[in-house]
Amino acid sequence: MPSVNISMKPTDTSNPEYFHKVVDCQWGCPAHTDVPAYIRMIAQGDFSAAYMENRKSNVFPGILGRVCDRPCEPACRRRRVEENPVAICRLKRVAADHRDDITDRLPKAPETSNGKKVALIGAGCASLTVANDLAPMGYEVTIFEALQTTGGLMRTNIPQFRLPPKVLDEEIGYILDMNVDLKLNHPIESLKSLLEENFDAVFVGTGAPRGKNLEIPGRYDSDRIHIGIDWLESVAFEHVKEIGKQVLIIGVGNTAMDCCRTSLRIGAENVKVMARKPREFFKASAWELEDAEEENVEILVNHSPQEFVIEGGKLVGMKFELMEYKVDENGGIDRGTVVGEKIIPCDDVVLAIGQDNAFPWIERDIGIEFNDWDCPLVDETTMMSGRKGVFFGGDSAFGPKNIIWAVEHGHQAAISIHRYCQGESIDDRLPYGLNLASQKMGMHEWSFSNYYDGASRRLMPHVDLKERFKKINIEVELGFTAEQAVQEVERCLNCDIQTVFKADLCIECDACIDICPVNCLTITKNGEEDELRTRLSAPAENHAQALYVSAELPHTGRVMIKDEDLCVHCSLCAERCPTGAWDMQKSTILVPYAKNEIPDNQSLPAAVSGS
């Protein structure tokens, strides 16, 4: 019986996904922002270029630099060598805060329309992203917004002390200035009726506007029990200007953190956040919890709400069951055991236990299907619903996520809308591309800083506690100065500068292996992957990251193996190699957008081709 060759095949580094996955921060970002590239631009003092590099993918650098959920940071490769990642999100804000006037670099609407009309429902981040992508292509874009202003939940649910209105207005204005027709105070009450109008496609980006209720005894016996997102909206529009001295916040997500900190700015003196489960099961981001606790918000765990305590028609407290839980070895938690009960006094209660979609204005007989949770059934790639020409994105598509996911939904929906309006298949989408460019400038010189800086993550400076509560619109985070940013950018390991290997130049001298500070390189006989991972210079235990496997080396037939999980892109291998078998090359992932769907031989408005 002939033997079966189970050796690993040489890695295909021409596949864009390979190096994309190595750039952990970009891979972790739903919108695939080229994080290392804009950080290097900041390091070079080119804040405007850094802003535009951000805007290309995430559209709202100034907004996201303040309030992004930062999926890039847990992925950051810096955490391979120390606990804290690079302050990626805050550096995004650095680019926004210190840029020059960039209006001449923004995409512009062409002088003539392409004849296609698109309706966007809701003026939040998903719809605005669709407008941003389609307006420069000549689409006539109309946004219908039920409120008197733009921004959606970015404006109504994120407090001004975290996200100043002027930042929203400026970045939203960049999009509206592309001849987008904005209709405020214009709720859509019937999708069927809108579909009868002269629009070629419709996008629904209305968010998840309905806060979850807590149906327990006493819920409707007082007007001092509030739904979190509705209450935040009322505060944002100054319909609510005060609250009681003692406030309980039910829930422990990011909305709950905004509710508790807002309460302190409109009259509360004692605010408690009530969590049903232990801290490791909180949904709020760690930094949101830290900011709330810095302001002396008390977070109580293992309290399960049971009843609103009403005396004489007045809310005076809440009754909670005290819980104990068992957590198994896999991190799973049981339903808990009641070990007591407690009444906690309060004047007001804010419910922040989640959000739901709400589509009373979408008829159920027009071809759009809904699941048991009243979410529309939407294709996760094309963003189209069961009704052709009707697309969804953001929270309205898949339930509450975050701004950066909504932006990515908007990009994908814009591609689909363009292809749909042009009579092309929305499933036939452009693939990602890849460019590699050597960064070598001299014998041991590179176009990037490859020095390892051992500095710790810089803390964000805050307004003093004594000052921040004087007005509700005092932004707490001050941002980094340009000088403060200098140290933080040096913490980036430049994961997009790839170690590219040419097997035919290798003389197997082991110089690269000797100098590698993290033991990520091995020259060895090829084999089956699981077995091969055990006999490298350091065992490759993270199967989520690939092994680079070279072609057979010319002298011995062995292969060069690189564990991408360990590599810190220090470039020492390339500096030490006597034959130039190793090189440091910048990998640029070419992410397709709607404008890239236009064939090269088709005439483009100048603003589109240059944007």
Sequence neighbours excluded, every pair satisfying side chain to side chain donor-acceptor pair (under 3.5 Å) that has a member inside residues 225-235: H226-D348

Taking side chain to side chain donor-acceptor pair (under 3.5 Å) as the cut-off, I'd like each qualifying pair that reaches into residues 360-372, sequence neighbours left out, listed once. S190-E363, K192-D365, R364-D374

Report the distance from atom [atom1] of [X] to atom [atom2] of [Y], rounding to the nearest 0.5 Å.
X	Y	atom1	atom2	result
Y38	T33	OH	OG1	7.0 Å
I88	C25	CD1	SG	5.0 Å
C260	D258	SG	CG	8.0 Å
R335	M323	CZ	CE	9.0 Å

Flag, side chain of [X] to backbone of [Y], donor-acceptor distance under 3.5 Å:
X	Y	result
R90	G479	no
R387	I366	yes
H186	L184	no
H411	S57	yes
N402	D69	no
T150	A123	no
S285	W287	no
Q26	H32	yes

Donor + acceptor pair across side chains of [X], [Y] (<3.5 Å):
X	Y	result
H303	E321	no
S416	T382	no
N357	R210	no

Apply side-chain contact (heavy atoms from CB on, under 4.5 Å) to the pair L168 and M154, showing each step before the final yes or no. CA-CA 8 Å; L168 278 165; M154 293 191 295; 3.9 Å; yes

Please determine whether side-chain contact (heavy atoms from CB on, under 4.5 Å) holds for the pair L64 and C89, giving the CA-CA distance in whole Å, both sets of side-chain angles, and the decisive distance to 0.1 Å. CA-CA 7 Å; L64 287 165; C89 180; over 6 Å; no

Less than 4.5 Å apart, any side-chain heavy atom of [X] and any of [Y]?
X	Y	answer
P461	F480	yes
T255	I229	yes
Q306	P217	no
V316	I310	no
V247	N270	no
F359	S396	yes
M257	L289	yes
I143	V180	yes

Assess the residue pair D97 and F47 against the criterion (side-chain contact (heavy atoms from CB on, under 4.5 Å)); give the C-alpha distance rounded to whole Å, side-chain angles, the decisive distance to 0.1 Å, and a yes or no. CA-CA 8 Å; D97 285 355; F47 301 109; over 6 Å; no

Using the test side-chain hydrogen bond (donor to acceptor under 3.5 Å, both in side chains), find all partners of E324 that sit at least two apart in sequence or belong to another chain. none

With sequence neighbours excluded, tell me which residues meet side-chain hydrogen bond (donor to acceptor under 3.5 Å, both in side chains) with K471. none

Atom of [X], atom of [Y] and distance for their closest heavy-atom approach:
X	Y	answer
C259	A352	SG-CB, 4.4 Å
Q355	P400	O-CG, 3.6 Å
P159	N157	CD-O, 3.6 Å

Distance flag, aromatic centroids of H98 and Y51, threshold under 6.0 Å: no

Strictly by salt bridge (charged side-chain N to carboxylate O under 4.0 Å, His left out), give each pair with a member in [range] just once, sequence neighbours left out.
range	answer
residues 144-158	R155-D169
residues 270-289	R162-E288, K272-E298, R279-E293
residues 21-37	D24-R77, D24-R80, D34-K586
residues 393-403	none

Taking E82 first and then R78, would you say they form a salt bridge - that is, a charged N and a carboxylate O separated by under 4.0 Å? yes

Would E269 and K245 pass as an ion pair if we require N to O under 4.0 Å? yes

Contacts of [X] that satisfy side chain to side chain contact (heavy atoms under 4.5 Å, CB included) - sequence neighbours left out:
X	answer
E295	R261, L264, R265, L465, R468, F469, V476
D334	Y325, K326
D328	N330
A236	none

Given side-chain contact (heavy atoms from CB on, under 4.5 Å), test E477 with R66 step by step and report yes or no. CA-CA 8 Å; E477 294 188 351; R66 289 165 167 82; 5.6 Å; no

For H409, the option from F392, F398, F391 that meets ring-ring contact (aromatic ring centres under 6.0 Å, His included): F398

Result of checking R491, Q487, E83 against R457 for side chain to side chain contact (heavy atoms under 4.5 Å, CB included): R491

Given side-chain hydrogen bond (donor to acceptor under 3.5 Å, both in side chains), test E488 with Q484 step by step and report yes or no. CA-CA 7 Å; E488 189 61 31; Q484 290 170 333; over 6 Å; no

Starting from the C-alpha separation in whole Å, work towards a yes-or-no answer on side-chain hydrogen bond (donor to acceptor under 3.5 Å, both in side chains) for N213 and R219. CA-CA 9 Å; N213 203 355; R219 170 64 184 90; 2.6 Å; yes

Has E215 got more than 12 heavy atoms of other residues, nucleotides or ligands less than 6.0 Å from its CD? yes

Can you establish whether the number of heavy atoms outside E311 located under 6.0 Å from its atom CD is more than 12? no

